[in-house]
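Just so it is clear: chains get the letters A, B, ... in the order the sequence lines come, proteins before strands, and each one is counted from 1. Reckoned from all heavy atoms, side chains included, excluding hydrogens, waters and symmetry mates.
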Amino acid sequence: GNSVTQMEGPVTLSEEAFLTINCTYTATGYPSLFWYVQYPGEGLQLLLKATKADDKGSNKGFEATYRKETTSFHLEKGSVQVSDSAVYFCALSDWSAGTALIFGKGTTLSVSS
Amino acid sequence: GAVVSQHPSWVICKSGTSVKIECRSLDFQATTMFWYRQFPKQSLMLMATSNEGSKATYEQGVEKDKFLINHASLTLSTLTVTSAHPEDSSFYICSARSPGGGLAGGDNEQFFGPGTRLTVL
């Protein structure tokens, strides 16, 4: 079956530090991959996505590249800000099969000034 | 952008009572809505997929008689937790799938509601 594994948190960084949150997946088909962010007290928001191998999703300074050979979709940001503090979820979905999103367990990021 | 609302945002009820949670897509029609449950410090677990005008499809291990889902219109799905017990206390989140638009356009993106915190005493 399909599954997503992401690194355990919490991740604590100083402002302007480099961020990497690892995500690997298992899928039987050709899924789309997503990163969602959940800010304190808010609902999930789509941060970025990639729909096929070698695609790079990017948004708000965050990037992730769909690596089929390593079944990975690691999230990166070159310089984090305090406002990036949130919970980040990696997810996959096989839209062609009509499946819902399958989420990783989430990684809490805390950025201090 | 597409907005999904949930009501109520939080609810406290006595054990044995039933609680209804509404999920609405405010500015688009959603033929498919999803209900998730999120435990503290854990991921979202899909409970059921709700298609407008048909019966919901429940994930393995989810009691369909316990968690009643109705998707009567293209903008509204409801989740009713029947005879709630303390172990049903959780954060319930819905999402609605847009047939178009979204971050990359036309990609069936899911938009999430803000969630409903249920506490059963």
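By the 6.0 Å contact criterion, NZ on B:Lys66 is enclosed, its count of non-hydrogen atoms from other residues, nucleotides or ligands being greater than 12. Heavy atoms of other residues, nucleotides or ligands lying less than 6.0 angstrom from CE of B:Met45 number 12 at most. At most 12 heavy atoms of other shown residues, nucleotides or ligands fall within 6.0 angstrom of atom CD in A:Glu16. When the shell of 6.0 Å around CD of A:Glu15 is examined, it contains more than 12 heavy atoms from other residues, nucleotides or ligands.
Residues B:Tyr92 and A:Leu101 do not share a hydrophobic cluster, defined by chaining ILVMFWY side chains whose heavy atoms lie under 4.5 Å apart. Put simply, B:Phe34 and B:Tyr58 are part of two different groups of oily side chains (I, L, V, M, F, W, Y) that touch within less than 4.5 Å, one to the next. Both A:Leu19 and A:Val37 are assigned to one and the same hydrophobic cluster, defined by single-linkage of ILVMFWY side chains at heavy-atom distances under 4.5 Å. Both B:Val81 and B:Ile69 are members of a single hydrophobic cluster when ILVMFWY side chains are connected at heavy-atom separations under 4.5 Å. No path of Ile, Leu, Val, Met, Phe, Trp and Tyr side chains, each step under 4.5 Å between heavy atoms, connects B:Leu76 with B:Val3, placing them in separate hydrophobic clusters.
Residues of residues 103-113 of chain A lying under 4.5 angstrom from chain B, judged on non-hydrogen atoms, are A:Phe103, A:Gly104, A:Lys105 in numerical order. Scanning residues 113-121 of chain B against chain A with a 4.5 Å non-hydrogen threshold yields B:Gly113, B:Pro114, sorted by number.
For chain B, the nearby part of A:Gln38 is the side chain; its heavy atoms alone come within less than 4.5 Å. For B:Leu46, the part lying under 4.5 angstrom from a heavy atom of chain A is the side chain only.
Note that CG of A:Leu46 and OG of B:Ser95 are 11.5 Å apart. Values are rounded to the nearest 0.5 Å. From A:Leu44, atom CG reaches atom OH of B:Tyr36 across 9.0 Å, with rounding to the nearest 0.5 Å.
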Could you please spell out the steps behind the side chain to side chain contact (heavy atoms under 4.5 Å, CB included) verdict for A:Tyr36 and B:Gln110?
CA-CA 11 Å; A:Tyr36 281 84; B:Gln110 283 189 40; 4.1 Å; yes

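Looking at A:Phe89 and B:Gln38, their side chains come closer than 4.5 Å, going by heavy atoms from C-beta outward.
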